[in-house]
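Encoded as structure tokens, the structure appears first; notes follow it.
Basis for what follows: all heavy atoms, side chains included, without hydrogens, waters or symmetry-related copies.
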Amino acid sequence: MNQPTFVLVHGALTDASVWRRVSVRLQDAGHTVIAPSLPMRDFDGDIAYLGQFLGTLTGPLVVAAHSYAGSVISAPAALTEAVRSLVFVTAFQQDAGETAGALNGKFPGSLLVPENLVVREYPGGAEVYLRPDKFGEVYAGDAGARDRKILAAAQKPFDPVTLDGSFADAASWHELPSWAVVSTRDNSIPAEAQRWMAERAGSTVVEVESTHAVPLVRPEVVAEAILRAAG
């Protein structure tokens, strides 16, 4: 693959800045990086948004997704023919007819439970945040205290309907080569769920002792996986 552009897609509760330390490593190695911002108001809208965004880029493309964004890039309609490989970073690897919510409940261990969440109304719907005092435990326990406070204060919320969205066609990872970074101390998406999804997808797996905030805490591991996906 010749000089791919790396597209880094954030998930729920953090914006594109979750990739900043990964981006620095990829850019310092001479690569082009772009990190779009998902609306996270509904699943079909996120699929359409990413598909249209990728359509503005020339290939080849390597697309990496964190968390909920894994569900989005699993949908074939979210990608273009320029995409050559996928990287799932502590992310859902959703298939046809499935939902992120059901996948996250398939194995025990997720602390994304009602008592740890705050729901706020917005015009036309509701959006979910983590309670600031629970952000470290649920999302970023191995991040520094300052990072945890910044992340908790600057959350990008998601409408819970996104977790109930599904698609009809076979997932993109059936056709495209994929890598999966599995965080063994993840309290958001259980490691057992990540392993199960990655094995099913035939992904090349990299396990790391980290939490859901692995792009910030272990950026060197994530960047290396993305570089490997570029071939």
Side-chain angles (χ1 to χ4, degrees), residues 1 4-16 18-19 32-106 124-128 156-181 189 193-194 196-204 215 225-226 229-231:
M1 188 183 299
T5 294
F6 295 116
V7 182
L8 312 181
V9 191
H10 70 86
L13 300 171
T14 50
D15 61 17
V18 75
W19 293 108
T32 300
V33 179
I34 189 165
S37 180
L38 291 180
M40 296 194 297
R41 293 312 195 197
D42 68 270
F43 187 54
D44 288 342
D46 287 337
I47 292 171
Y49 178 91
L50 185 59
Q52 189 163 342
F53 180 89
L54 294 180
T56 69
L57 305 177
T58 56
L61 306 175
V62 174
V63 179
H66 180 230
S67 188
Y68 158 75
S71 287
V72 178
I73 72 167
S74 292
L79 306 181
T80 66
E81 292 183 359
V83 177
R84 298 292 184 265
S85 57
L86 305 172
V87 184
F88 295 86
V89 180
T90 59
F92 293 113
Q93 293 180 258
Q94 192 168 320
D95 206 352
E98 296 177 341
T99 68
L103 286 170
N104 208 39
K106 188 174 181 66
E127 55 188 17
V128 174
K156 182 163 184 179
F158 65 96
D159 191 309
V161 301
T162 58
L163 302 185
D164 294 325
S166 63
F167 50 85
D169 296 326
S172 58
W173 43 259
H174 285 288
E175 300 295 332
L176 291 170
S178 63
W179 278 252
V181 178
I189 304 177
Q194 296 176 48
W196 180 83
M197 290 184 286
E199 181 178 2
R200 176 180 69 166
S203 302
T204 300
I226 293 171

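By the 4.5 Å heavy-atom criterion applied to side chains, I189 and F92 are counted as neighbours. Contact annotation: the side chain of W173 never approaches that of S203 to less than 4.5 Å [non-hydrogen atoms, C-beta and beyond]. Counting heavy atoms from C-beta on, the side chains of D159 and D42 never come closer than 4.5 Å. Contact annotation: the side chain of L176 never approaches that of S85 to less than 4.5 Å [non-hydrogen atoms, C-beta and beyond]. When side chains are defined from C-beta on, P215 counts as touching V89, because their heavy atoms get closer than 4.5 Å. Using a 4.5 Å cut-off on side-chain heavy atoms (C-beta onward), T80 and L61 make contact. Considering only heavy atoms from C-beta on, L86 stays 4.5 Å or farther from P177 through its side chain. Side-chain contact between F158 and L163 is present, with heavy atoms from C-beta onward closer than 4.5 Å.
For the atom pair D164 CG and T99 OG1, the distance stands at 6.0 Å (nearest 0.5 Å). Between the NZ atom of K156 and the OG atom of S37 there is a distance of 2.5 Å, given to the nearest 0.5 Å. A distance of 9.5 Å separates CD of Q194 from CG of N104, quoted to the nearest 0.5 Å. Within the model, atoms OG of S67 and CG of L13 stand 7.0 Å from one another, a figure rounded to the nearest 0.5 Å. One distance of note links CD of Q52 with CD1 of I47; it measures 14.0 Å at 0.5 Å rounding. Put simply, CG on L103 and CE on M197 are 5.5 Å apart, with the number rounded to the nearest 0.5 Å.
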Check the pair I226 / L8 against side-chain contact (heavy atoms from CB on, under 4.5 Å), numbers first and verdict last.
-> CA-CA 10 Å; I226 293 171; L8 312 181; 3.9 Å; yes
Begin from the C-alpha positions of V83 and L54 and carry the test side-chain contact (heavy atoms from CB on, under 4.5 Å) through to its verdict.
-> CA-CA 9 Å; V83 177; L54 294 180; 4.1 Å; yes
Steps toward side-chain contact (heavy atoms from CB on, under 4.5 Å) verdict (H10, V18) = CA-CA 7 Å; H10 70 86; V18 75; 4.1 Å; yes
Decide side-chain contact (heavy atoms from CB on, under 4.5 Å) for F43 and Y68; before the verdict, give the C-alpha distance in whole Å, the side-chain angles of both, and the deciding distance to 0.1 Å.
-> CA-CA 10 Å; F43 187 54; Y68 158 75; 3.4 Å; yes
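A donor and an acceptor atom, one from each side chain of Q94 and S74, are nowhere located under 3.5 Å apart.
Side-chain N or O atoms of T162 include none that pairs as donor or acceptor with a backbone N or O of M40 at under 3.5 Å. Checking side-chain atoms of S172 against main-chain N and O of I73 turns up a donor-acceptor pair under 3.5 Å. Within the 3.5 Å criterion, the main-chain N or O of V72 finds no donor-acceptor partner in the side chain of D46. Proximity of a side-chain donor or acceptor of R41 to a complementary backbone N or O of L38 within less than 3.5 Å is not detected.
Between G97 and S166, the shortest heavy-atom distance links the atoms C-CB, 4.0 Å. For the pair A198 and A180, the tightest heavy-atom approach, listed with the atom from each and the gap, is CB-CB, 3.7 Å. Nearest heavy atoms, A96 versus A168: CB-O, 3.4 Å. Minimum heavy-atom separation, A75 to F167: CB-CD2, 3.7 Å. Of all the heavy atoms in A82 and G59, the pair that sits closest is CB-CA, 3.7 Å. Closest non-hydrogen pair, G70 versus A91, comes out as CA-CB, 3.9 Å.
Using a cut-off of 4.0 Å between Lys/Arg side-chain N and Asp/Glu carboxylate O, R200 and E98 are scored as salt-bridged.
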